[in-house]
Colleague: 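Please find one structure pasted underneath; my questions will follow.
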Amino acid sequence: MVNRVLYVRLPCNPIFPIGVVYLADHLHKVFPDIEQRIFDLGTVPPLDFGSALDRCIDQFQPNLLVFSWRDIQIYAPVGGRGGNPLQNAFEFNYARNPLIKMRGAMGGLRMITTYVNELWQNTGLIKRGLKRAKRYCSDVKLVVGGGAVSVFYEQVASWMPKGTIVSVGEGEVLLEKLIRQESIASERCYVVGETEPRDRMIHEWPTTVEKSACDYSYIENIWPEFDYYLQENDFYIGVQTKRGCPHNCCYCVYTVVEGKQVRINPADEVVKEMRQLYERGIRNFWFTDAQFIPARRFIDDAVELLQKIVDSGMEDIHWAAYIRADNLTPELCDLMVKTGMNYFEIGITSGSQELIRKMRMGYNLRTVLQNCRDLKAAGFNDLVSVNYSFNVIDERPETIRQTLAYHRALEAIFGRDKVEPAIFFIGLQPHTHLETYAIENNILKEDYNPLAIYLPWVANKLLWNPEPLGSFFGEVCLQAFRQNPNDFGRTVMDILEDRLGLAPLEEALTAPVKSAQSPKKAELLVL
Ligand code: B12
Ligand code: SF4
């Protein structure tokens, strides 16, 4: 009988482990009699990982071991665990000064070492946990899942012990079936050494689950270190309000991990969950949805939720989320401000309507601009992070000029200091249209390993910055790192404007039907 479940969240920056919290809450609601324990290695100093895990297993003696692995990929333009990956990669690839090149190489090497160490460390912890748990229960089951495993489920098999169940996406139903000892054949999972992942398994639609407010009185009972996240005031605690995204953006994997069908968590339940955290002192919430307002048809759901937050009287809270700013209305803007939204990220990727269409992002930049005006008029006066990924497809000097014009228009609305341009270069991810494009165009081999970023020729292709503009962007970013590393995004925008000038805003907002593009790039449009 499977009745003692231990959730181990593998080492991670201290981001609230909402995934395991929801899993434990769900199983408790279905099987109130089973014993559960949450153990979060995100709160343990690195030198103690192994011994703390041993101690926890010795005490709890689980017969189901659930390992949750959140992130694995360190590409980001910001300081990651091993340094700033973008700076290192660009210094190594594009610097003319051999000393800077060398610095990039050394930085890259340091990051790769951190990355490989983390892979070894986490797989080591999984194996160690299993071995230890076998002392108490010889047929203990081992399941691994979480964000990182969902994206790289095909690669992790080679590191896991035989018999490990590798899971993609939400794990609630899978765990339920394991407890009931039912067949798991129809779940998005496979068993290492016994079954192979089905072709395109990640694209299968997840089983629907009804979500109710997480019961935090129960969670604090099974998680002795829960207080860790209550002590500091700056944690944004995760709360899910919906799951899934119906869009098709060419570089994005969320839409397959979470599924295209959007599930709305009932507003009353979301507020009930927030209220429990509020009563424990939490004032900052991160709505963990892939998109808080995935499409216009979900505007009413967002309005309902925010109105209920207003009615709840939780007046001194703040929240943040990923927001498609094409789906705002003046009413929604008003509610967002009233409920304390103090940060949001709009991933517009480009300020050129032509490129937005080519990346299949399905929104209208003119609408985004108008909605931002409405948000400002509603009293929004906090930080907006605007994510730009240059050079995804068909970028040209004129599309860069359009992006700059668009960015200046956003600055005119919110104020220069309130709009933070986050300059990303796409980290190519498996199961995306961009990956298909790269394989079909011989940029990547079909059997490439997306985790082999320790191989410079793989890393360079995964950090998407193709020629002919690749070196130009490399040079601009290096200049910005030199000039003002603390205000990197704004400096990049200024340098680009100095070099290329601005397009008329109207040009940015209109997408010509035809454009000068290479045949290869045109293919992406019909993928
Ligand atoms: C919201 C979010 C953020 C927010 C988090 C805010 C907060 N306070 O919680 C912010 C913006 C801060 C963020 C930051 C980053 N994120 Co993020 N984030 C997400 C996002 C969109 C949702 C994660 C989430 O909380 N979901 C809701 C919870 C309930 O779901 P969950 O945690 O996935 O858990 C469920 C399942 O995974 C499963 N499950 C979990 N564990 C287990 C275990 C078992 C055994 C089983 C069976 C199932 C299971 O069941 C759970 C319940 O349904 C995901 C993408 C996505 N759509 O999933 C990326 C994602 C998790 N992030 C990712 C990354 C990389 C990052 C960064 C490291 C990026 C960076 N390089 O800077 C940073 C830093 C994070 C850190 N550790 O320092 C990657 C991780 C995978 C990877 N590529 O390595 C993801 C998957 C996105 C991607 N593009 O691939 N992120
Ligand atoms: S980038 Fe955003 S809108 Fe596009 S598919 Fe991903 S989650 Fe959806």
Side-chain angles (χ1 to χ4, degrees), residues 5 7-26 42 64-81 85 142-152 164-175 178 184 187-189 206 209 211 214 229 235-241 243-260 262 284-291 293-295 320-324 326-327 343 345-349 359-363 385 387 424 427 429-433 450-451:
V5 188
Y7 302 86
V8 182
R9 207 272 290 256
L10 286 164
C12 182
N13 291 355
I15 284 201
F16 190 73
I18 188 70
V20 292
V21 166
Y22 280 5
L23 289 172
D25 175 64
H26 178 82
L64 179 59
L65 254 182
V66 176
F67 276 92
S68 183
W69 193 333
R70 190 190 187 279
D71 47 57
I72 213 167
Q73 206 178 28
I74 50 171
Y75 282 142
V78 289
R81 290 192 277 273
L142 169 62
V143 209
V144 296
V149 175
S150 297
V151 177
F152 301 103
T164 308
I165 302 164
V166 177
S167 161
V168 171
E170 281 184 308
E172 279 80 347
V173 180
L174 170 65
L175 295 187
L178 288 175
I184 53 169
E187 292 307 310
R188 291 201 293 176
C189 69
V209 277
K211 182 82 183 61
C214 177
Y229 293 94
F235 282 122
Y236 275 73
I237 302 293
V239 172
Q240 187 190 65
T241 84
R243 193 155 177 106
C245 177
H247 293 284
N248 233 341
C249 306
C250 70
Y251 52 79
C252 179
V253 71
Y254 297 9
T255 176
V256 285
V257 172
E258 296 197 5
K260 286 199 181 301
V262 177
N284 296 329
F285 300 91
W286 188 291
F287 295 140
T288 59
D289 318 356
Q291 283 296 339
I293 319 156
Y322 291 129
I323 295 195
R324 273 187 70 114
D326 53 334
N327 300 323
Y343 174 76
E345 292 194 12
I346 36 175
I348 57 171
T349 307
M359 290 185 283
R360 302 166 149 223
M361 301 189 63
Y363 61 76
S385 168
N387 298 350
F424 281 82
Q429 294 213 295
H431 321 293
T432 58
H433 296 295
L451 291 177

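Side-chain atoms are counted along with the backbone in the values below, which use heavy atoms only and exclude waters and symmetry mates. We count ligands from 1, going down the list as the structure has it; atoms in each ligand are counted the same way.
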Colleague: Heavy atoms only, cut-off 4.0 Å: how does Val143 contact ligand 1, side chain, backbone, both, or neither?
Modeller: both
Colleague: Distance check, rounded to the nearest 0.5 Å: Ile165 atom CD1 versus Leu64 atom CG?
Modeller: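 CG of Leu64 is found 7.5 Å from CD1 of Ile165.
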Colleague: Minimum distance, heavy atoms only, to atom 33 (O) of ligand 1: which one of Arg243, Gln240, Lys211 is it?
Modeller: Arg243
Colleague: If we ignore hydrogens and angles and just use 3.5 Å, is the side chain of Asn327 paired with the main-chain N or O of Ile293 as donor and acceptor?
Modeller: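 Checked: pair present.
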Colleague: For ligand 1, which part of Val144 has a heavy atom less than 4.0 Å away: the side chain, the backbone, both, or neither?
Modeller: backbone
Colleague: Can you name the nearest heavy-atom pair linking Val257 to Ser150, along with the distance?
Modeller: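 Nearest pair, atom of Val257 first, then Ser150: CG1-CB, 4.0 Å.
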Colleague: Relative to the heavy atoms of Glu172, which atoms of ligand 1 are at a distance of less than 4.0 Å?
Modeller: 52 (C), 53 (O)
Colleague: If you count the atoms of ligand 1 from 1 in the order shown, which ones are under 4.0 Å from a heavy atom of Gln429?
Modeller: 83 (N), 88 (C), 89 (N), 90 (O)
Colleague: Which option, Gly169, Ser167, Gly145, owns the non-hydrogen atom nearest atom 38 (C) of ligand 1?
Modeller: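 Closest candidate by heavy-atom distance is Gly169.
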Colleague: Side chain, backbone, both or neither: which applies to Arg70 and ligand 1 if a contact is any heavy-atom pair less than 4.0 Å apart?
Modeller: both
Colleague: Using a 4.0 Å cut-off to any heavy atom of Glu258, which atoms of ligand 1 qualify?
Modeller: 56 (C), 57 (N), 58 (O)
Colleague: Taking only non-hydrogen atoms of Tyr322, do any sit less than 4.0 angstrom from ligand 1?
Modeller: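 It does, in that a heavy atom of Tyr322 comes within the 4.0 Å cut-off of ligand 1.
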Colleague: To the nearest 0.5 Å, what is the distance between CD on Glu258 and CD on Gln291?
Modeller: 9.5 Å
Colleague: For atom 45 (C) of ligand 1, which of Val66, Ile165, Val257, Val8 has the closest heavy atom?
Modeller: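 Of the listed residues, Val66 has the closest heavy atom.
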Colleague: Nearest 0.5 Å, please: how far is OH in Tyr254 from OG1 in Thr432?
Modeller: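 Between Thr432 OG1 and Tyr254 OH, I get 12.5 Å after rounding to 0.5 Å.
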Colleague: Write down the atom of Phe235, the atom of Pro14, and the distance for their closest heavy-atom approach.
Modeller: CE2-O, 3.1 Å
Colleague: Quick one: closest heavy-atom pair of Pro246 and Pro294, and the distance?
Modeller: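 Looking at all heavy atoms of both residues, the shortest contact is CD-CB, 3.6 Å.
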Colleague: Given a threshold of 2.8 Å, state how many protein N/O/S atoms are nearer than that to atom 8 (Fe) of ligand 2.
Modeller: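 With waters ignored, the protein N/O/S count below 2.8 Å is 1.
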Colleague: Output yes when a side-chain donor or acceptor of Glu172 lies under 3.5 Å from a complementary backbone atom of His26, and no otherwise.
Modeller: no
Colleague: Rounded to the nearest 0.5 Å, what separates atom OG in Ser167 from atom CG in Leu175?
Modeller: 7.5 Å
Colleague: With atom 65 (C) of ligand 1 as the reference point, say which of Asp71, Ile237, Val151 has the nearest heavy atom.
Modeller: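 When every heavy atom of Asp71, Ile237, Val151 is considered, Asp71 comes closest to atom 65 (C) of ligand 1.
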Colleague: Please name the residue in the list Val20, Leu142, Val143 that meets the side chain to side chain contact (heavy atoms under 4.5 Å, CB included) test with Phe67.
Modeller: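 The option that passes is Leu142.
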Colleague: Taking 4.0 angstrom as the limit and counting only heavy atoms of Leu23, give me the atoms of ligand 1 inside it, by number and element.
Modeller: 39 (N), 42 (C), 48 (C), 49 (C), 50 (O)
Colleague: Given Gly19, Ala148, Ala320, Gly146, which one has a non-hydrogen atom that is nearest to atom 40 (C) of ligand 1?
Modeller: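 That would be Gly146.
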Colleague: Considering all heavy atoms of both residues, which atom of Gly362 and which atom of Asp326 are nearest to each other, and what is their separation?
Modeller: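 Closest approach of Gly362 to Asp326, heavy atoms only: O-OD2, 4.1 Å.
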Colleague: Where does Ile72 meet ligand 1, judged by heavy-atom distances below 4.0 Å: at the side chain, the backbone, both, or neither?
Modeller: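 Both the backbone and the side chain of Ile72 come within reach of ligand 1.
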Colleague: With backbone taken as N, CA, C and O and side chain as the heavy atoms from C-beta onward, which portion of Glu170 lies under 4.0 Å from ligand 1: side chain, backbone, both, or neither?
Modeller: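 The part of Glu170 near ligand 1 is both the backbone and the side chain.
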Colleague: Would you call the rings of Trp286 and Tyr343 parallel, tilted or perpendicular, taking 30° and 60° as the class edges?
Modeller: tilted
Colleague: Nearest heavy atom to atom 8 (N) of ligand 1 wins, so pick from Tyr251, Tyr236, Tyr7.
Modeller: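 Minimum heavy-atom distance to atom 8 (N) of ligand 1 goes to Tyr236.
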Colleague: I'd like to check which ligand 1 atoms, numbered from 1 as shown, lie under 4.0 Å from a non-hydrogen atom of Cys12.
Modeller: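 Going through ligand 1 atom by atom, the ones under 4.0 Å from Cys12 are 77 (N).
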Colleague: Any chance you could measure Leu23, atom CG, to Arg9, atom CZ, to the nearest 0.5 Å?
Modeller: 12.5 Å
Colleague: Go through ligand 1 atom by atom and flag the ones less than 4.0 Å from a non-hydrogen atom of Ser68.
Modeller: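 So the atoms of ligand 1 that pass are 40 (C), 41 (N), 42 (C), 43 (C).
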Colleague: Examine ligand 1 and decide if any of its atoms is less than 4.0 Å from a heavy atom belonging to Val20.
Modeller: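 Not so, Val20 does not reach ligand 1.
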Colleague: Would you call Phe16 a ligand 1 contact, heavy-atom distance under 4.0 Å?
Modeller: no
Colleague: For Gly171, take its heavy atoms, then give the atoms of ligand 1 lying under 4.0 Å from any of them.
Modeller: 38 (C), 47 (C), 48 (C), 50 (O)
Colleague: If you take the nearest heavy atom of each of Tyr254, Phe152, Phe67, which one is closest to atom 43 (C) of ligand 1?
Modeller: Phe67
Colleague: Let me confirm one number: the CZ-CD distance from Arg188 to Glu170, rounded to the nearest 0.5 Å.
Modeller: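 Answer for the CZ-CD pair, Arg188 versus Glu170, is 8.5 Å.
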Colleague: Donor-acceptor check, side chain of His247 to backbone of Thr255, threshold 3.5 angstrom: yes or no?
Modeller: no
Colleague: Nearest heavy-atom pair of Tyr322 and Ala290: which atoms, and what distance?
Modeller: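 The answer is CB-O, 3.6 Å.
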Colleague: Please check if the side chain of Tyr363 supplies one atom and the backbone of Ile348 the other of a donor-acceptor pair under 3.5 Å.
Modeller: yes
